Amino acid sequence: MKEGWERSVPPMQLDITQIHDMMAPVFPGKKVAAAERIGTGLSNTNYKIRLEGRAEPYVLRLFRKGREIADKELAIIRRVGQTVPVADYLYADMTCSEFDKPWAVMEWKEGDLLRDVMRDGTEQDLIAAAASAGRILANIHKHTFTESGFFNGDMKVQDPMRMDGERFLAFIEQSLFQDPCGQWLGEELAQSVWSFSRTYSHLLSEIEDTPVLVHSDYNGLNILMRNGAGGCEVSAVLDWEDAFSWNRYVDIANMLRYERDGSVFEKNFIRAYREEGAVLHDHWKILSKLEDLVALCDMLTHSSLATPNRMHDLQRLIAETVQVTNG
């Protein structure tokens, strides 16, 4: 699961004096006792902060992009917070007065990454974790919109658009035959991707679902788990900066990207998702693969020889995607 992927930009490095100065207006009179850079993310920078005289830690989050992205994440967290476990904002500075980037202080949520449960947990842990992640995703998808597209800072859809079969094929053709993606795949695999895309693209035009809130990075690196009454359960869904309004298959594809067809995790994830009231198309697996091809090809286009681990993983994932022959 993105094992060994290189960061496209290096993390921001702060010393404890800088962090103390940032925390001064948030926690007046409190001194920063410790600060540790945390997380597996490949874009933003997060520090775990401990203050003298307080038992609970906090998270200092520095955004790689501008204010609009930070505003959007804050708006999403406030919207979904009643039904989805999230790490709430305690303070946000969107003025970009520090380091030319917005930053925020967030509550600390205890838990282990879902990735680690999937890798090291028992089968019972895996079943419970998959079911909890499926139920939570169904609750995320209960937030609907009249149009699909990317949000501005107020969660309003800008430039509405829909990924139908025609738009999908245009994107894949551009990726394979004009962008670097095709070069990195090689001619044989690129032709396989093109054949797969032309065969199944019509399914995207048949979707009649209402657009939903998609996290777009819903996977084991952005979900924390804890032990609850029913076993492993989600304690927080993190990193909402790339969320937008689209069809539900984007998130399903992201979660199942590294799963084998019919795995224990897949079966229990989809079962719980449906039991929460979500409805899937008969060909949901193919639809998910099509949506994931868009993401995978875009990431490969923006890879380079300086990111070999990322590139090789994407090549493998794309090759496995187009091996699917039925839904």
Side-chain angles (χ1 to χ4, degrees), residues 137 140-141 143-151 157-219 242-259 261 266 270 273 278-303 310-311 313-327:
L137 183 60
I140 292 172
H141 289 171
H143 296 270
T144 61
F145 301 86
T146 57
E147 298 173 311
S148 58
F150 298 102
F151 297 134
V157 173
Q158 304 178 100
D159 302 322
M161 60 185 234
R162 179 173 178 264
M163 183 63 79
D164 57 13
E166 182 179 356
R167 183 183 291 273
F168 169 79
L169 281 180
F171 175 86
I172 296 297
E173 184 175 26
Q174 170 83 24
S175 298
L176 296 178
F177 305 119
Q178 298 182 49
D179 293 341
C181 175
Q183 174 188 345
W184 300 135
L185 290 177
E187 183 176 353
E188 183 177 354
L189 182 51
Q191 288 297 332
S192 295
V193 172
W194 184 234
S195 176
F196 176 89
S197 300
R198 293 179 66 187
T199 299
Y200 295 109
S201 60
H202 67 93
L203 293 173
L204 289 167
S205 297
E206 298 173 7
I207 301 175
E208 297 180 354
D209 293 1
T210 300
V212 301
L213 173 65
V214 297
H215 181 283
S216 87
D217 207 12
Y218 193 77
N219 57 55
D242 293 323
F244 63 113
S245 170
W246 210 250
N247 71 63
R248 64 190 69 243
Y249 303 103
V250 170
D251 283 336
I252 291 172
N254 207 302
M255 176 58 78
L256 301 179
R257 180 178 290 165
Y258 288 89
E259 286 298 303
D261 186 42
E266 178 195 284
I270 295 298
Y273 181 78
V279 177
L280 293 174
H281 190 283
D282 289 344
H283 296 291
W284 65 267
K285 286 188 180 182
I286 293 292
L287 287 164
S288 299
K289 297 294 185 183
L290 293 171
E291 288 288 354
D292 211 29
L293 264 184
V294 174
L296 295 173
C297 288
D298 183 63
M299 286 189 286
L300 187 55
T301 287
H302 293 92
S303 299
R310 167 184 163 126
M311 183 185 297
D313 197 26
L314 289 168
Q315 290 166 331
R316 179 185 63 81
L317 288 167
I318 291 172
E320 291 178 355
T321 296
V322 299
Q323 289 173 3
V324 177
T325 57
N326 62 75

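Computed from a prediction, not measured in an experiment: that's the story for all the values here.
Here the CZ-NE2 distance, from R310 to H302, works out to 8.5 Å after rounding to the nearest 0.5 Å. Atom-to-atom distance recorded for I172:CD1 and F177:CZ is 10.0 Å, nearest 0.5 angstrom. Considering CD of E259 and CD1 of I270, their distance stands at 10.5 Å, rounded to 0.5 Å. Once rounded to the nearest 0.5 Å, the distance linking CD of E320 with CG of L296 reads 10.5 Å. Between S205 atom OG and M163 atom CE the span is 11.0 Å, to the nearest 0.5 Å. Remark: D298 CG to L314 CG distance equals 10.0 Å, nearest 0.5 Å.
When each of L290, V322, L293 is checked for a side chain to side chain contact (heavy atoms under 4.5 Å, CB included) with Y200, only L290 meets the rule.
Across every non-hydrogen atom of R257 and A295, the tightest pair is NH2-CB, 4.0 Å. Between S197 and F168 the shortest heavy-atom distance is CB-CE2, 3.5 Å. Scanning all heavy atoms of the two residues, the minimum distance from T301 to C181 falls at OG1-CB, 3.1 Å. The heavy-atom pair separating A319 from L189 by the smallest distance is CA-CD1, 3.9 Å. A pairwise comparison of heavy atoms in A190 and L176 identifies O-CD1, 3.5 Å as the closest pair. The minimum heavy-atom distance linking V250 with S216 is given by the pair CG1-CA, 4.1 Å.
A salt bridge links D313 with R316: the closest approach of a Lys/Arg side-chain nitrogen to an acidic carboxylate oxygen falls below 4.0 angstrom.
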Subject >> Derivation and outcome, side chain to side chain contact (heavy atoms under 4.5 Å, CB included), residues Y218 and I140 >> reply: CA-CA 11 Å; Y218 193 77; I140 292 172; 3.9 Å; yes

Original post:
Are K285 and L256 close enough, and set up right, to give a side chain to side chain contact (heavy atoms under 4.5 Å, CB included), and what steps lead you there?
Top reply: CA-CA 10 Å; K285 286 188 180 182; L256 301 179; over 6 Å; no

**OP:** With side chain to side chain contact (heavy atoms under 4.5 Å, CB included) as the test, would you mind laying out the steps for S148 and N247 before giving the verdict?
**Re:** CA-CA 8 Å; S148 58; N247 71 63; over 6 Å; no

**OP:** Show your reasoning for whether side chain to side chain contact (heavy atoms under 4.5 Å, CB included) applies to L137 and M255.
**Re:** CA-CA 10 Å; L137 183 60; M255 176 58 78; 5.7 Å; no

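Of the possible polar contacts, one joining the S192 side chain to the E188 backbone as a donor-acceptor pair under 3.5 Å is found. With hydrogens and angles disregarded, no donor-acceptor distance shorter than 3.5 Å links the side chain of R248 to the backbone of L280. Side chain of S245 to backbone of E147: a donor-acceptor contact under 3.5 angstrom is found. Side-chain atoms of S195 never come within 3.5 Å of backbone atoms of Q191 as a donor-acceptor pair (strictly under, hydrogens ignored).
The salt bridge (Lys or Arg N to Asp or Glu O under 4.0 Å) contacts involving residues 172-186 comprise nothing, where partners must be two or more places apart or lie in separate chains.
Dense packing is recorded around CD of Q158, with more than 12 heavy atoms of other residues, nucleotides or ligands lying under 6.0 Å away.
Side-chain contact check for L204 versus R167: every heavy-atom pair is 4.5 Å or farther apart. Side-chain atoms of W194 and L169, non-hydrogen and from C-beta on, do get closer than 4.5 Å to each other. Between L300 and M311 there is a side-chain heavy-atom pair separated by less than 4.5 Å. No side-chain heavy atom of V212 sits under 4.5 Å from any side-chain heavy atom of F145. Using a 4.5 Å heavy-atom cutoff, the side chains of H281 and I286 are not in contact. Using a 4.5 Å cut-off on side-chain heavy atoms (C-beta onward), D209 and V279 make no contact. Side-chain contact between Y258 and N219: absent, with no pair of heavy atoms (C-beta onward) separated by less than 4.5 Å. Within the 4.5 Å cutoff, the side chain of L213 has heavy atoms near those of the F151 side chain.
For the residue pair H141/Y273, the side-chain donor-acceptor check at 3.5 Å is satisfied.
Listed by chain and residue number, nothing satisfies the salt bridge (Lys or Arg N to Asp or Glu O under 4.0 Å) test with D159 (two or more places apart in sequence, or in another chain).
Aromatic ring pairs are classed by plane angle as parallel below 30°, tilted from 30° to 60° and perpendicular above 60°; the pair W246 and F150 is parallel.
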